[in-house]
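Computed from a predicted model, the values in this text were never measured in an experiment. In each ligand, atom 1 is the first atom listed, and ligand 1 is the first ligand listed. The residues of the chain are indexed from 1 along the displayed sequence.
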Amino acid sequence: MPVYDYIRQRLKEQTALLTILIDPGKTDGETLRRMAGHSRELGIDLFLVGGSLLSADMMDNTLSLLKQSGDTPVVIFPGGAQQLSARADALLFLSLLSGRNPEFLIGQQVISAPLIHQMGLEALSTAYLLVESGRTTSVEFMSGSKPLPGHKPDIAVAHALAARYLGFKMIYLEAGSGAERPVPDMLISAVKKHIDIPLIVGGGLRSAADVQAKVKAGADIIVIGTHFEHNDPFDQILQFSQHTRSPK
Ligand code: 1GP
């Protein structure tokens, strides 16, 4: 089943999807194997693989390991056109719509499109909206783009509507990896009211209470990366997924 259909199907059955973001090289192989092998019991619905500074080789190894260890869909979350691999099930085909840097709005997409076509990868067109979250984040620095103000829901809504009218399949509200503050709940709710495509929320989520709040505000897909790089994931993932796995 295409990954987009899988996501839509899951969202009919449960409140939200729990996604673990793997930054290759930051999580050891054994942990990855166990997470992928026990995804179902743990409540992991999707893996994202990516990071700001990565080579194709590092991507390939992590993707292969996750694919060999379980059947949870594995999706590339690319930092740039160099991070593609046919070993994934799909990739987030991102456009950094909150910024005004043409390289990340359309430049990298044009470079990578023929490769994606060649690889036969499913491209999940996703409007990527970076939201201000305290300290400068890697994505803000690397993309040379300004985030949306966190206290101006009308600006976020205008971007979300533009994404909807442009035909994007998903919207990603991103505070940035390791963000000091996650995306505010009121911003999530405001965007959610104006769209009917899956809403991804990530950046700076560290507790089950964070997950609960973001799901309640309207997040359809929760992304957690940094937190599990520093804490034993297994007990915690179970607590986090209680808030995504409840039936609709
Ligand atoms: C970053 O939204 C993701 O792109 C996850 O962020 O690493 O802070 O969990 P964290």
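- If you number the atoms of ligand 1 from 1 as listed, the ones under 4.0 Å from a heavy atom of Gly202 come out as 2 (O).
- Panel note: side chain Glu132, backbone Leu148; no donor-acceptor pair is recorded below 3.5 Å.
- Near Gly178, meaning under 4.0 Å from one of its heavy atoms, ligand 1 places the atoms 7 (O), 8 (O), 10 (P).
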*Intermediate values then yes/no, side chain to side chain contact (heavy atoms under 4.5 Å, CB included), Val201 and Val223*: CA-CA 6 Å; Val201 174; Val223 181; over 6 Å; no

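- At a heavy-atom cutoff of 4.0 Å, ligand 1 is contacted by no atom of His227, backbone or side chain.
- The shortest heavy-atom distance from Phe77 to ligand 1 is under 4.0 Å.
- Contacts between Tyr172 and ligand 1 below 4.0 angstrom, taking non-hydrogen atoms only, involve the side chain exclusively.
- Taking any N or O of Gly204, backbone or side chain, at least one lies under 3.5 Å from an N or O belonging to ligand 1.
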*Starting from the C-alpha separation in whole Å, work towards a yes-or-no answer on ring pair (Phe, Tyr, Trp, His ring centres under 6.0 Å) for Tyr128 and Phe93.*
CA-CA 9 Å; Tyr128 193 51; Phe93 196 60; over 10 Å; no

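- The atoms of ligand 1 that sit less than 4.0 Å from any heavy atom of Ile224 are 9 (O).
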*asked:* Show, in sequence, the C-alpha distance, side-chain angles and deciding distance for His227 and Phe240, and conclude whether the ring pair (Phe, Tyr, Trp, His ring centres under 6.0 Å) test is met.
replied: CA-CA 12 Å; His227 181 77; Phe240 285 29; 5.7 Å; yes

_Using the rule given for side chain to side chain contact (heavy atoms under 4.5 Å, CB included), can you reason through Ile171 versus Leu129, listing the C-alpha separation, both sets of side-chain angles and the distance that settles it, and then say yes or no?_
CA-CA 7 Å; Ile171 292 181; Leu129 305 182; 3.9 Å; yes

*side chain to side chain contact (heavy atoms under 4.5 Å, CB included) assessment of Val191 paired with Leu199*: CA-CA 9 Å; Val191 166; Leu199 179 60; 4.0 Å; yes

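- A distance of 6.0 Å or more separates the ring centres of Phe228 and Phe234.
- On a distance-only criterion, Gly225 and ligand 1 share at least one N/O pair closer than 3.5 Å.
- With hydrogens left out, the protein atom closest to atom 10 (P) of ligand 1 is Thr226 OG1, 3.4 Å, a heavy atom.
- Residue Arg8 comes nearest to Asp196 through the heavy atom pair NH2-O, 3.2 Å, listed as atom of the first residue, atom of the second, then distance.
- Of all atoms in ligand 1, listed by their number and element, those nearer than 4.0 Å to a heavy atom of Gly203 are 2 (O), 3 (C), 5 (C), 6 (O), 8 (O).
- Of the protein's heavy atoms, Glu174 OE2, 2.4 Å lies nearest to atom 4 (O) of ligand 1.
- Of the heavy atoms in Leu21, only side-chain atoms (C-beta onward) come closer than 4.0 Å to ligand 1.
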